[in-house]
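To find a chain, count down the sequence lines: A is the first, B the second, and so on, and within it residues start at 1.
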Amino acid sequence: MRPKIFTFEPMNNFLNELKWRGMLADSMPGTEEWLSKGPTAGYVGFDPTADSLHVGHLVQIMLLVHLQRAGHTPIALIGGATGMVGDPSGKSQERNLLSANDIAHNTAAIRKQMESFLDFSSAKLLNNLDWFGSMGFIDFIRDVGKHIPVTYMMAKESVKKRLETGMSFTEFTYQLLQGYDYYHLYTQHQCRLQMGGTDQWGNMTTGTELIRRKAQGEAYAFTTPLITKADGSKFGKTESGNIWLSPEKTSVYDFYQFWLRSSDSDAAKYIRIFTLKSKEEIEALEAQHALAPHELKLQRALAEDITVRVHGAAGLKMAEKTSDMLFGKATTEELKALSESEILQIFSGVPMFYVAPAEFQSCTELAELLSVKAAVFASKSEARRMLQAGGVSINQSKVGLNDLPTNNSLIQGKYLLVQKGKKNHHLLIVQNS
RNA sequence: GGGGAGAUACUCAAGCGGUCAACGAGGACAGACUGUAAAUCUGUUGCCAACGGCUUCGCAGGUUCGAAUCCUGCUCUCCCCA
């Protein structure tokens, strides 16, 4: 007989896990000890500023995932109330306020996205509007404001930085709101841990301070490092903006490509943070990658793992198919052999432009077709420049300034695959839209 | 309230009567090399019916054959003194 199927793993496995994955920046004294004592609850806050999460949020979500796997209770706190106020941390300007309607809509959408990461049979999803919504201003300043000295609040980096350029009372108060969140979770949900990005440190300590003063309790916190790219630019952004989890905002293909295109050093970092692969597994992948870097094993493993999780197996399959078609050795002939439904399916993640047949026929210059008729380029000059530089392909073959596609060039009589530079593809559809 | 400085393209930043669509740097994009990587090198970077034309240098007027450059007013920003 096996003595026990489940031995209570020391909970500091959780922090060790985060350490080797490079997800731990700073932690309050005592955090590790507390976590090793037994299951506890920990939370991360999310602002409902948009109706989708983006890849930047993924770090915090993974924290909750690891927390859950280590046997603790993860709490995702949606800032339905605080989102109406705006956090000054890490921002140089006063934030725009969102309407209550927008926030409700965003909250619902975010809740849904989190469900593919966390098991909500044990995880909790709370909205701080539930406790702030009914709280009056007088109650707040009596119950919360009374406990935290202004000098303490002023000493925070987020406040100091903004004191010169100016900040409203609203934003100044923000740390008290977030601090109260923690206090509330501490008293109502036995939450003893707050996690977040380094820019949240100040707000997090206001929370533990409030808990200490108001409830004579001990609570803990730790932060994750700011995720950066090797070239110093911001993580999660491309020329075209944020990479969102919502397929309406970022196509599944673009999402997949975002991860696939990461540089070697970034991929090694990301795969630790954004996947649950074991250390051994990752190191083996890295070794394989070093042997045959052109196969992009590391990047592929990374992209596959996250894409499946966010967009499902079908989403991944489509993204891979599209990528094969666009970056593989697909020739003009192979493209032409595709059926119409295959084309629409495979290129569903690629931006499409409609051109009326009459417009297509009457067009006398390629640059005009690609700028005026279909906005692949912002202006005709830009299109010409790019054509001259040899940066444009149609149906997988290079074209120049004087080329002009005819009816014969159209795939299935109406499609034209336009490639701008190395990795920007567009589908031109010749039909009345 | 008094005094001073400034506003130029995506950003920083030259230019201070014609030769300015505007030096330079960064960024961005493209080409070569590669692995849809990194680094490096090269090119491009207001618009168009393109050896030419048009619209841009905070806004509105004015002087002049000619203005980003000079004058007047306005708006905004920053600094110093009360």
Side-chain angles (χ1 to χ4, degrees), chain A residues 92-94 163-166 228-235 237-243 250-272 282 285-304 306-307 316 318-331 346-347 349-351 359 362-373 375-394 396-404 417-426:
Chain A
S92 51
Q93 292 212 325
E94 179 93 12
L163 234 37
E164 283 178 15
T165 53
T228 52
K229 292 204 284 183
D231 63 8
S233 58
K234 219 172 167 184
F235 168 75
K237 294 236 179 190
T238 62
E239 317 84 70
S240 42
N242 271 326
I243 301 295
T250 298
S251 76
V252 178
Y253 165 72
D254 284 332
F255 183 86
Y256 174 82
Q257 285 283 324
F258 168 76
W259 300 102
L260 190 74
R261 283 174 191 162
S262 39
S263 68
D264 289 2
S265 56
D266 286 339
K269 189 156 64 178
Y270 298 165
I271 201 164
R272 287 171 168 76
I282 290 173
L285 275 168
E286 284 174 324
Q288 284 180 39
H289 180 74
L291 288 177
H294 58 280
E295 288 174 21
L296 306 179
K297 282 234 171 68
L298 196 59
Q299 282 88 342
R300 274 182 218 283
L302 170 71
E304 274 168 29
I306 308 178
T307 308
L316 169 67
M318 197 47 63
E320 285 179 329
K321 212 164 164 188
T322 311
S323 302
D324 277 354
M325 214 61 201
L326 296 179
F327 291 98
K329 295 177 198 79
T331 58
I346 291 175
F347 298 129
V350 172
E359 299 269 330
S362 64
C363 200
T364 54
E365 197 196 346
L366 183 53
E368 187 185 350
L369 178 69
L370 299 180
S371 55
V372 185
K373 310 286 188 203
V376 174
F377 293 97
S379 73
K380 204 185 281 189
S381 321
E382 195 188 324
R384 285 198 185 128
R385 230 179 276 133
M386 212 58 82
L387 282 163
Q388 256 163 346
V392 184
S393 296
I394 285 182
Q396 304 291 71
S397 29
K398 280 259 187 280
V399 287
L401 204 48
N402 299 317
D403 291 311
L404 188 64
L417 181 66
V418 180
Q419 180 178 358
K420 169 169 103 174
K422 203 172 283 187
K423 38 196 172 185
N424 299 298
H425 299 86
H426 308 266

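Nearest nucleotide to the A/Lys422 side chain, out of B/rG35, B/rC48, B/rU36: B/rU36.
No donor-acceptor distance shorter than 3.5 angstrom exists from the side chain of A/Asn424 to the backbone of A/Gly421, with no hydrogens or angles considered.
Between A/Lys380 and B/rA49, a side-chain N or O to OP1/OP2 separation shorter than 4.0 Å is present. Contact check, A/Asn424 against B/rA30: a side-chain N or O comes under 4.0 Å of OP1 or OP2. Phosphate proximity of B/rC48 to A/Ser381: present, with a side-chain N or O under 4.0 Å from OP1 or OP2. The shortest distance between the side-chain N/O atoms of A/Arg384 and the OP1/OP2 oxygens of B/rA49 is below 4.0 Å.
In this structure, B/rC23 is classed as anti because its glycosidic torsion departs from zero by more than 90°.
Among the atoms of the strands shown, only primed sugar atoms or phosphate atoms (P, OP1, OP2) are found under 4.0 Å from some heavy atom of A/Ser379. Within 4.0 Å (heavy atoms only), A/Glu295 reaches no atom of the nucleic acid at all. Contacts of A/Arg261 with the nucleic acid, taken as non-hydrogen atoms under 4.0 Å apart, include base atoms. Among the atoms of the strands shown, none is found under 4.0 Å from any heavy atom of A/Glu382.
With respect to A/Glu295 and A/Arg300, no salt bridge is recorded, no charged nitrogen being found less than 4.0 Å from a carboxylate O.
Separating the P atom of B/rG58 from that of B/rC10 is a span of 13 Å, rounded to the nearest Å. Comparing the C1' positions of B/rC20 and B/rG4 gives an interatomic distance of 30 Å, to the nearest angstrom.
Counting heavy atoms from C-beta on, the side chains of A/His425 and A/Phe327 come closer than 4.5 Å.
Atom CE in A/Met386 sits roughly 8 Å away from atom C1' in B/rU44 (whole-Å rounding).
Counted by atom type alone, A/Ser371 and A/Glu382 present zero donor-acceptor pairs between their side chains at under 3.5 Å.
A/Gln299 contributes no side-chain N or O that forms a donor-acceptor pair with the base of B/rU36 under 3.5 Å.
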